[in-house]
Undergrad: 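Quick one: the structure is below, questions incoming.
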Amino acid sequence: MRDQFSLTELSDSFHRFEAENGLFDIRVKGRCVWDHLRYEVFEQLVVKRHGWSAAREKRSYPRILLGILSYGWFRLRWLLLPSPSYEVLLVNTTPGKYLEGGKRDIHMWPLARALSPHYRVLAFDHNVTAIDPALYPCDVLLTRPAYLFQRLKSLFIRFSPSEEEALSDIRRKLKEAFGIEVDVRAIARGNFALQLCLEDFFRWFLGKIRPRMLLYCDNGNVKGMLTAAHELGVIAVDMQHGVVSPTHVMYRYPPGLDMGRIKAALPKRIFTFGTFWNAQYSLPVRTVAVGSPHFDLQSEKPFRAPPQERAKRILISSVLLSRGILSELAVELARMLPDHTIYYKLRIDEYSSWKDHYPPSFRSGGNLVVIENYEKSIYDYFALCRYHVGTNSTTLFEGLAYGLTTFVLTLGRYEEVLPLIEGGHVFPVKDAAEIKARIGSEPPHPLPPEAIFRPGSGENARLAIADLLEEHPSS
């Protein structure tokens, strides 16, 4: 097992660091640059301290060039043709995934289905793995060319000598405080410069279609869009799409910070999965528990394996940061529990190349099954299994809502689910032996499923949107 570090301590140190060094006072291109940089800086501190880095996506340069050239036609079409207006804009910020037999955004497609009978809805997608417009009940705009063109424009943004020095100073201070080298200038040249260009693009685009509201999932790359929406009076709503905890720097700032400095890059509301999550946010933004459209859709499946069959099945969910530890645990559990079936569910982005990253000893065989394809969703395995093992992914909460007895391996980024441990909702464990000892037991304080995922998300979201629009009639 690798050495463990404290994510909570790192998070607390990070917030002290940014407050003590006045980083929110630094302006680059007239913006609070640190608010754009801090999320990626923190993630780099985590992965570099842990000795892990994500594999970079392979780029298809001919496809990128074609996309950039296509942008001319994109703009020309919007100049020559009448601009339709919409009430609600759904921004897909996560790659399309296979859902119900086709490529959809798992967060926004169910929402489009719920809202389209009541509002004029446009789904907006600029991802590489784009959605299939034919599967949507509303208008769909694929804007990958626009995104690529903004990326190209961002390469020509230059910083003044004083701005360069400010970025270098942040880098030096990070090195002194944490002992880790973070290329702050590269982050600024990448994400921050792109957000400046996207701010201009969305100022133009939102002015064209004139929506009253936009809904999105915050992936750390939406501040340009939010700034433009704020200027134009478009109500922005952040849809929860994953684990949120007190260690999540995207939703937590240093105590005492004047949040007026970053108000333009904050949403008007945050729609959460359920009441359990509301307390995990530390922003001056009202949270509303509406549920998870994706969870509702998947939980409609009626099948559940008989209890006596589920009792002999254990599901382990892969997490990139801890996959080495989890794969070792899977092999050990399969050895220690020969009468149980151990399912190891790979992440979707691992399917094509997982054998390059896992040891040869980790393969399907005997009572260990590696799930490496789309044939069944993880929800199908929730229905097959009684036990679930992981560290910090959203699937832990989904499994709990399905009634699975859950073990949290206290390594990696497990502190992101610390509220589950502190509440007695799961079993914290250090190794396979502790899991084996707990087989057949239940945690002392089960967490009600409706607190994790409020049922009826589509209707709940529709009512919350109606209330918000009524509250801001001039938006």
Side-chain angles (χ1 to χ4, degrees), residues 74 78 83-100 102-147 198 201-230 232-242 267-273 288 290-297 456-469 472 475:
F74 176 89
W78 280 82
S83 300
S85 62
Y86 296 92
E87 294 169 289
V88 177
L89 175 65
L90 304 178
V91 181
N92 294 350
T93 51
T94 56
K97 296 181 180 179
Y98 284 100
L99 180 68
E100 298 293 298
K103 277 286 185 71
R104 299 167 168 87
D105 181 284
I106 62 174
H107 307 288
M108 293 299 172
W109 177 79
L111 204 57
R113 193 174 64 167
L115 297 179
S116 292
H118 308 280
Y119 299 100
R120 296 187 305 278
V121 177
L122 174 66
F124 176 102
D125 191 291
H126 65 231
N127 291 288
V128 176
T129 52
I131 58 177
D132 182 351
L135 302 176
Y136 275 65
C138 62
D139 289 349
V140 172
L141 183 63
L142 301 181
T143 58
R144 185 66 182 169
Y147 177 84
L198 287 174
F201 169 78
F202 276 103
R203 190 178 290 113
W204 166 79
F205 179 70
L206 295 176
K208 280 283 187 180
I209 66 170
R210 302 177 297 281
R212 297 185 64 191
M213 176 179 292
L214 67 85
L215 295 97
Y216 65 95
C217 295
D218 196 339
N219 62 355
N221 297 300
V222 297
K223 293 189 182 298
M225 176 184 72
L226 292 181
T227 301
H230 182 80
L232 297 172
V234 179
I235 301 168
V237 177
D238 181 4
M239 298 286 296
Q240 182 183 356
H241 66 291
K268 182 69 70 174
R269 289 285 189 277
I270 298 174
F271 286 177
T272 68
F273 292 153
V288 180
V290 300
S292 166
H294 182 229
F295 181 83
D296 280 352
L297 182 67
S457 59
E459 181 64 8
N460 296 337
R462 186 187 71 80
L463 293 174
I465 287 170
D467 290 343
L468 195 50
L469 292 175
H472 300 274
S475 296

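Everything quoted here is computed from the prediction, not taken from an experiment.
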Undergrad: Are any side-chain N or O atoms of Thr143 and backbone N or O atoms of Asp125, one a donor and one an acceptor, separated by less than 3.5 Å?
TA: yes
Undergrad: Does some side-chain heavy atom of Leu206 sit less than 4.5 Å from a side-chain heavy atom of Leu214?
TA: yes
Undergrad: Of all heavy-atom pairs between Pro211 and Val234, which one has the smallest distance, and what is that distance?
TA: O-CG2, 3.6 Å
Undergrad: Is Tyr216 close to Pro267 at the side-chain level, that is, under 4.5 Å between some pair of heavy atoms?
TA: yes
Undergrad: Where do Pro145 and Leu142 come nearest, in terms of heavy atoms and distance?
TA: CD-O, 4.3 Å
Undergrad: To the nearest 0.5 Å, what is the distance between CZ (Phe273) and NE2 (His241)?
TA: 8.0 Å
Undergrad: State the CG-CD1 distance between Leu111 and Ile465, to the nearest 0.5 angstrom.
TA: 5.5 Å
Undergrad: Would you please test Met239 and Met108 for side-chain contact (heavy atoms from CB on, under 4.5 Å) and show each step?
TA: CA-CA 9 Å; Met239 298 286 296; Met108 293 299 172; 4.0 Å; yes
Undergrad: Nearest 0.5 Å please: distance from the CZ atom of Arg212 over to the CG atom of Leu469.
TA: 4.5 Å
Undergrad: I need the single residue from Val140, Leu215, Leu122, Asp105 that forms a side chain to side chain contact (heavy atoms under 4.5 Å, CB included) with Leu90. Which is it?
TA: Leu215
Undergrad: So which heavy atom on Ile106 is nearest to which on His294, and how close?
TA: O-CB, 3.2 Å
Undergrad: Ala464 and Val290: which non-hydrogen atoms are nearest, and at how many Å?
TA: CB-CG1, 4.2 Å
Undergrad: Which distance, rounded to the nearest 0.5 Å, do you find between the CZ of Arg269 and the CG of Leu468?
TA: 5.0 Å
Undergrad: Counting C-beta onward and ignoring hydrogens, is there a side-chain heavy-atom pair between Thr272 and Gln240 closer than 4.5 Å?
TA: yes
Undergrad: Is the side chain of Arg144 donor-acceptor paired with the backbone N or O of His126 at a distance under 3.5 Å, no angle test?
TA: yes
Undergrad: Any donor and acceptor pair, going by atom type alone, linking the side chain of Trp109 with main-chain N or O of Ile131 inside 3.5 Å?
TA: no
Undergrad: Should Arg113 and Pro293 count as side-chain neighbours, where that means a heavy-atom distance under 4.5 Å?
TA: no
Undergrad: Can you give me the closest heavy-atom contact between Ala112 and Tyr136, atom names plus distance?
TA: CB-CD2, 4.2 Å
Undergrad: Go through it in stages, so that I can follow the logic: the residues are Leu232 and Phe202, the test is side-chain contact (heavy atoms from CB on, under 4.5 Å), and I'd like the CA-CA distance, side-chain angles, deciding distance and then a yes or no.
TA: CA-CA 10 Å; Leu232 297 172; Phe202 276 103; over 6 Å; no
Undergrad: With heavy-atom distances below 4.5 Å as the criterion, would you say the side chains of Phe271 and Asn460 are in contact?
TA: no
Undergrad: Search all heavy atoms of Gly458 against all heavy atoms of Ala114 and return the closest pair with its distance.
TA: CA-CB, 3.6 Å
Undergrad: Quick one: are Arg462 and Leu115 in side-chain contact, heavy atoms under 4.5 Å?
TA: yes
Undergrad: Is a donor from one side chain sitting under 3.5 angstrom from an acceptor on the other, for Thr93 and Asn219?
TA: no
Undergrad: Give a yes or no on whether the ring-centroid distance for Tyr86 and Phe124 is below 6.0 angstrom.
TA: no
Undergrad: Can you measure from OH (Tyr119) to SG (Cys138) and round to the nearest 0.5 angstrom?
TA: 14.5 Å
